[in-house]
Amino acid sequence: MSKPIYVLSGPNLNLLGAREPEIYGHQTLEDIRRLCEARASASGREIVFRQSNHEGELIDWIQEARLQACAVVINPAGYGHTSVAILDALKMVGVPVIECHLSNPAAREAFRRQTYVSLAATGVVSGFGAASYELAVEAAAGLARQA
């Protein structure tokens, strides 16, 4: 059996649907999980879908992905702008990394326009709402096929 794509979401994304829907949309994280599962299945892959508000837990999952995953999709949320530790973990993961954002950070506050995660990412998908996750999973599956 092929390795799954890890889809990791950072802090406050558990509140999707209720949290600033004018920015992040009305879909919940559970809705996004279902979209990701469907997109991965269409590519012959499975996903491991996780969310945490804790930096260390995200790092543990990234380290786990080194051996268990074919690719990582990560929406680091606020940690993208602050976490060198997540960057360091991603630099060592050894599989394609797709950074994913629901909104378009480049169109928002200046501090959101750059993330540490981008320094380790193979590619970035942003600004398409929940579809950003779907597109990121599709990209990850394609990169995994090439590896």
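Keep in mind it's a predicted model, so treat the numbers as computed, not measured.
- The CG atom of D31 sits 5.0 Å away from the CZ atom of R34 when rounded to the nearest 0.5 Å.
- Within the model, atoms SG of C100 and CD of E134 stand 10.0 Å from one another, a figure rounded to the nearest 0.5 Å.
- A donor-acceptor contact shorter than 3.5 Å links the side chain of K3 to the backbone of L67.
- The nearest pair of heavy atoms linking I5 to A141 is CD1-N, 3.8 Å.
- Neither side chain, N53 nor E55, offers a donor N or O lying under 3.5 Å from an acceptor on the other.
- The distance from atom CG of L35 to atom CD of E30, rounded to the nearest 0.5 Å, is 10.0 Å.
- Within the hydrophobic cluster formed by Ile, Leu, Val, Met, Phe, Trp and Tyr side chains joined at under 4.5 Å, directly or through other members, I62 is accompanied by Y6, L8, V48, L58, I59, W61, V72, I74, Y79, I86, L90, V93, V95, V97, V117.
- When every heavy atom of G10 is checked against every heavy atom of A77, the shortest pair comes out as C-CB, 4.1 Å.
- Here the side chains of V7 and Y133 are in contact, with some heavy-atom distance below 4.5 Å.
- The shortest side-chain heavy-atom distance between F128 and L102 does not fall under the 4.5 Å cut-off.
- Of all heavy-atom pairs spanning A71 and A140, the tightest one is CB-CB, 3.7 Å.
- Other members of the cluster containing L87 are V84, Y116, L119, with ILVMFWY side chains joined at under 4.5 Å, either directly or via other members.
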Fill in: salt bridge (charged side-chain N to carboxylate O under 4.0 Å, His left out) assessment of E64 paired with R50
CA-CA 12 Å; E64 178 183 300; R50 298 175 176 160; 3.0 Å; yes
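- With 3.5 Å as the limit, one finds a donor-acceptor pair spanning the side chains of E57 and S52.
- Separating the CG atom in N14 from the CD atom in Q51 is a distance of 4.0 Å, to the nearest 0.5 Å.
- Cluster annotation: L135 is connected to V73 through the hydrophobic network of ILVMFWY side chains, with a link wherever side-chain heavy atoms come within less than 4.5 Å.
- R45 places no side-chain N or O within donor-acceptor distance of the main-chain N or O of S2, the cut-off being under 3.5 Å.
- Between L16 and Q27 there is no side-chain heavy-atom pair separated by less than 4.5 Å.
- Judged by distance alone, with hydrogens and angles left aside, the side-chain atoms of S132 form a donor-acceptor pair with the main-chain N or O of H101 at under 3.5 Å.
- The shortest distance between side-chain heavy atoms of E99 and T115 falls below 4.5 Å.
- Donor-acceptor pairing under 3.5 Å is lacking for the side chains of E138 and S43.
- Note that CZ of R19 and CG of L29 are 11.5 Å apart. Values are rounded to the nearest 0.5 Å.
- The shortest distance between side-chain heavy atoms of V124 and I98 does not fall below 4.5 Å.
- How far OG of S9 is from CD1 of I32: 7.0 Å, rounded to the nearest 0.5 Å.
- The two residues R66 and M92 have their closest heavy-atom pair at NE-O, 3.3 Å.
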